[in-house]
2 protein chains.
Amino acid sequence: MTEQLAGGDLSRLRQLNALAVVHVLRGREALTLTELSRDTGLSRPSTEDVVLQLQEQGWLEEVQPAPGVMGRPARRYRFRADAGHVLGVDIGGHTIRVLAADLDGQVKHTVRTPVAITAGRVDRLGAVDAAVAECLSGAGLSGADVWATTVGTSGLVDASGRVVLSVAFPEWTGVHLAQHVGRLVGGPVLVENDSRLAALAETWRGVARYAQHVVYLLAGLRTGTGLIIDGRLHRGFAQAAGEIGALPELGWIRAQEHLRGWTGAPAGTDPDELAGYVFAAAREGDRRALAVVRRYAKDLALGASALVLALDPQLVVLGGGFSRSADVLLEPLRREIEKRCVRIPEIVTSALGDEAVALGAVKHSLEHLQEHLFDARTGVAAPVRPGR
Amino acid sequence: MTEQLAGGDLSRLRQLNALAVVHVLRGREALTLTELSRDTGLSRPSTEDVVLQLQEQGWLEEVQPAPGVMGRPARRYRFRADAGHVLGVDIGGHTIRVLAADLDGQVKHTVRTPVAITAGRVDRLGAVDAAVAECLSGAGLSGADVWATTVGTSGLVDASGRVVLSVAFPEWTGVHLAQHVGRLVGGPVLVENDSRLAALAETWRGVARYAQHVVYLLAGLRTGTGLIIDGRLHRGFAQAAGEIGALPELGWIRAQEHLRGWTGAPAGTDPDELAGYVFAAAREGDRRALAVVRRYAKDLALGASALVLALDPQLVVLGGGFSRSADVLLEPLRREIEKRCVRIPEIVTSALGDEAVALGAVKHSLEHLQEHLFDARTGVAAPVRPGR
DNA sequence: GTTACTAATGATGGAGACCTTCAAAAGTAA
DNA sequence: TTACTTTTGAAGGTCTCCATCATTAGTAAC
């Protein structure tokens, strides 16, 4: 029923209290023992004992006392977020992004490498390797300092980190990304669908920060979705959740075609850039463009409404490349969703833009570490890179 | 991130160990201290201490030692599942069902009262009152012995236990069921959508026992759905999840019409019974009936496929009144789902039949108690009826 | 420069819950 | 009646927590 946390002997209590101290201290500035004692609910002597033990382990570090306060200066301790690092990798069509962050999720270095949309498997993997190497050196890290890595890619991914099916890049199907990236870094390498990671990022540092149930729409050259249910990323039984676009009746296959038919762009425009022209014309008030956007919004809303009706999220987040044109897209989308749904969720635009996937990858790495390093069952693990 | 379980002093450890003992003992026959010690991981003396405390509280009871074993006879203790009881109420169109069960979910008494489909609000509520009273006396209980009650009804229900919207019974809209039933029993009264409760029942004692992600289809005069995600009932932000039938493109509105158009039944047949004639004719091999069933299955599959694609469940359970005709319905449904979905889940028929909703209501009551009586945060609460 | 005030430190003593160990007890089997 | 088996019950020890209080290291005021 509920996940059972076994009782145990006294050391178990110490584990729990150490966990509580770490939890209070993570992501915050240094605290004194008195402050820690207040926030954990432990007595001061016990807090001290736990803190000293964590310091010995390497999780905590004493910092300079705060100056200019009354009374005897208190020792202050901070969480050593720099004890380990994680990577977030976003393998996009046009761009490869790599983020290095510490255990608090502070981004230490960002690398953004353009790659030709036509680049094949070998070239693209090569660009990934180069970007990872550059990011590591830029952050002053070696591969061995990385405790966990998450790679975001389009397509379906299996549990072992292999791309099972990529519609957008047929050549990508079968690539074993976990193995490939694992050559460069230590720790586990996780691979996850990019829409899902973008959704995760929005609940972490985006507009969905306090929502438990979120439908994230990736609207761009591809249309995808990421679902947050009960505050957690929903993958489904075989990592195939969110593929609602496969149902023809729900319009996501057709949605793109409205934009492709646009004739108001210079001859020879890359089909990938066509959408930008449509949205720009709509922004100018061009009636034909507005009609195209409306039709696109209607088809997008069809699939979105199915998700909203099924899940009743608090929030729908519009992300992906087209979210830059939310000024002309959001209103028609909202109207179409309102027409179809029983309860209307908030509908907002992504705040993270292009970085959403890479940020989500960082968060995903951190959540993985969280389970292994700070688990309620085992207490606080030693501050070393976990095995694969 | 993870739900934080605060550390604490030594009494906290005792709480956790008491919880562990209760968890091991619940739903099983009586165990000796040695067996309990083995299963909880505690030492024998500690186990004894915890057990004596729980016995004093009233949660455990000593029973006769097992006869005919070697060595000194061991004391045996069992969980006092009869310390409290819960009710599960299913207010259906034709039938009202009330189940009384103990804390282990053992059903002690069942009442099944027919009610006219045309019965209005007052008559229906009167029938509920009578059925509850009969069930209580049949189980030898008074309303004060009931620790939690769940009422299942069609329609949307708000958090306070009021029916916000009932399409099938317009007169039902606005009924404050929690308040009404609360006059008869002690403890909290929860109200929940019937499809959801049926889904819950399937994961408890039905065909979905070991699945974490389940889509339950209620196929009957109404079409509804219950979603189990991560082993828990998914309600959505405003209790409106699962209303995918509202989307016309997904066919659930239209699905019924195929059956209603059937002319092979005696003149004047109740429209509610028409479906039975269609399925019967299909069973006999009538080609027109088979075509009707196929069309119905196709429309049902459309909405089901949207759910499957969105959530990627391990299992789809076909329940509701029409599941009695699964022999002719399941195959066409499966074929249509297979046509549309990326990964095909298992598709099986409900094992619980008519009792699913009431059983789910019992389980829902028990889960509510679980959170209040056996919570990891607070440990084991006293064995008394919780407040509202 | 001294004195008063403030708040943290460090040490002491005590209580609760767990563990291991072992003699005594209460059965069955021979 | 004796041997064997397993549980019981008690004793002693350890760990982790708590409350309390004298001491210490600063700031503020005179």
Side-chain angles (χ1 to χ4, degrees), chain A residues 5-22 24-25 30-57 60 62-78 376 378-380, chain B residues 5-22 24-25 30-57 60 62-78 376 378-380:
Chain A
L5 39 114
D9 61 2
L10 292 163
S11 66
R12 174 103 183 89
L13 195 54
R14 172 53 64 92
Q15 289 178 347
L16 289 174
N17 285 332
L19 209 54
V21 166
V22 167
V24 166
L25 219 41
L31 294 179
T32 67
L33 289 177
T34 309
E35 291 164 334
L36 265 172
S37 166
R38 170 173 40 78
D39 289 1
T40 56
L42 298 174
S43 72
R44 221 218 66 125
S46 301
T47 308
E48 179 170 6
D49 215 33
V50 173
V51 162
L52 290 180
Q53 185 180 303
L54 284 168
Q55 185 183 23
E56 211 164 305
Q57 271 189 60
L60 302 188
E62 196 174 340
V63 301
Q64 285 295 319
V69 290
M70 286 283 247
R72 177 170 175 171
R75 288 175 303 186
R76 293 193 304 161
Y77 295 88
R78 71 173 192 90
T378 56
V380 181
Chain B
L5 38 117
D9 60 3
L10 291 165
S11 67
R12 174 102 183 90
L13 197 53
R14 171 53 64 92
Q15 290 178 348
L16 288 174
N17 286 332
L19 209 53
V21 167
V22 168
V24 167
L25 219 39
L31 294 180
T32 68
L33 290 178
T34 310
E35 291 163 335
L36 265 172
S37 166
R38 167 172 44 76
D39 289 0
T40 56
L42 297 174
S43 72
R44 224 219 63 132
S46 300
T47 307
E48 179 171 6
D49 215 33
V50 173
V51 163
L52 290 180
Q53 186 180 301
L54 285 168
Q55 185 183 21
E56 211 164 309
Q57 273 189 59
L60 302 188
E62 195 174 342
V63 300
Q64 286 295 321
V69 290
M70 283 283 248
R72 178 170 173 171
R75 287 175 304 186
R76 292 193 306 162
Y77 295 90
R78 71 172 193 92
T378 56
V380 180

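In what follows, chains carry the letters A, B, and so on, assigned in the order in which the sequence lines appear, proteins first and then strands, with residues in each chain numbered from 1.
- A:Gln57 contributes atom CD, which lies 12.0 Å from atom CG of A:Leu52 (distance to the nearest 0.5 angstrom).
- Between the CG atom of A:Leu33 and the P atom of D:dC18 there is a distance of 14 Å, given to the nearest Å.
- To the nearest angstrom, C1' of D:dT8 lies 15 Å from CG of B:Leu36.
- The two residues A:Asp9 and A:Ser11 make their nearest non-hydrogen contact at OD1-OG, 2.7 Å.
- For the pair A:Gln64 CD and D:dG26 C1', the computed distance is 14 Å after rounding to whole Å.
- Residue B:Arg75 places at least one side-chain N or O under 4.0 Å from the OP1 or OP2 atom of D:dG9.
- For C:dA17, neither phosphate oxygen OP1 nor OP2 lies less than 4.0 angstrom from any side-chain nitrogen or oxygen of B:Asn17.
- Position along DNA chain C of the nearest nucleotide to A:Glu48 versus A:Met70 favours A:Met70 as the more 5'-ward residue.
- Mapped onto DNA chain D by nearest heavy atom, A:Ala18 and B:Arg44 fall at different nucleotides, with B:Arg44 at the one closer to the 5' end.
- Under 4.0 angstrom from either OP1 or OP2 of D:dC17 there lies no side-chain N or O belonging to A:Ser43.
- Within the nucleic acid shown, A:Pro45 comes within 4.0 Å of at least one base atom, counting heavy atoms only.
- With the nearest nucleotide of DNA chain C identified for both A:Tyr77 and B:Asp49, A:Tyr77 has the one nearer the 5' end.
- Counting to the nearest Å, the C1' atom of C:dC18 and the CD atom of A:Gln15 are 14 Å from each other.
- Summary of the strand contacts: B:Thr32 and A:Pro73 both lie near DNA chain D, and taking for each the nucleotide with the nearest heavy atom, the more 5' one is attributed to B:Thr32.
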In sequence, state the C-alpha distance, the side-chain angles, and the governing distance for B:Glu35 and B:Val24, and then conclude on side-chain contact (heavy atoms from CB on, under 4.5 Å). CA-CA 10 Å; B:Glu35 291 163 335; B:Val24 167; over 6 Å; no
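- B:Asp9 has its CG atom 12 Å from the P atom of C:dC18, to the nearest Å.
- Looking at the side chain of B:Arg72, the nearest of the listed nucleotides D:dC17, C:dA26, D:dT27 is C:dA26.
- Atom pair A:Leu13:CG and D:dC18:P shows a separation of 8 Å (rounding to whole Å applied).
- Comparing atom distances between the B:Leu10 side chain and each of D:dT7, D:dT16, C:dA7 picks out D:dT16 as nearest.
- Candidate nucleotides C:dC19, D:dC15, D:dG9 were compared by shortest atom distance to the side chain of B:Leu42, and C:dC19 ranks first.
- Regarding contacts with the backbone of C:dC19, a side-chain N or O of B:Ser46 is found under 4.0 angstrom from either OP1 or OP2.
- Minimum interatomic distance between A:Arg78 and A:Leu25 (heavy atoms only, all atoms of both residues): C-CD2, 4.1 Å.
- Within the 3.5 Å criterion, the main-chain N or O of A:Leu42 finds a donor-acceptor partner in the side chain of A:Ser37.
- Within the 4.0 Å cut-off from OP1 or OP2 of C:dG16, not a single side-chain nitrogen or oxygen of B:Arg14 is found.
- Residue B:Thr34 is in sugar-phosphate contact alone, with no base atom involved, counting any heavy-atom pair closer than 4.0 Å across all strands shown.
- The nearest pair of heavy atoms linking A:Gln15 to A:Gly379 is CB-CA, 3.8 Å.
- Ranking C:dG10, D:dG9, D:dT16 by closeness to the A:Ser11 side chain, first place goes to D:dT16.
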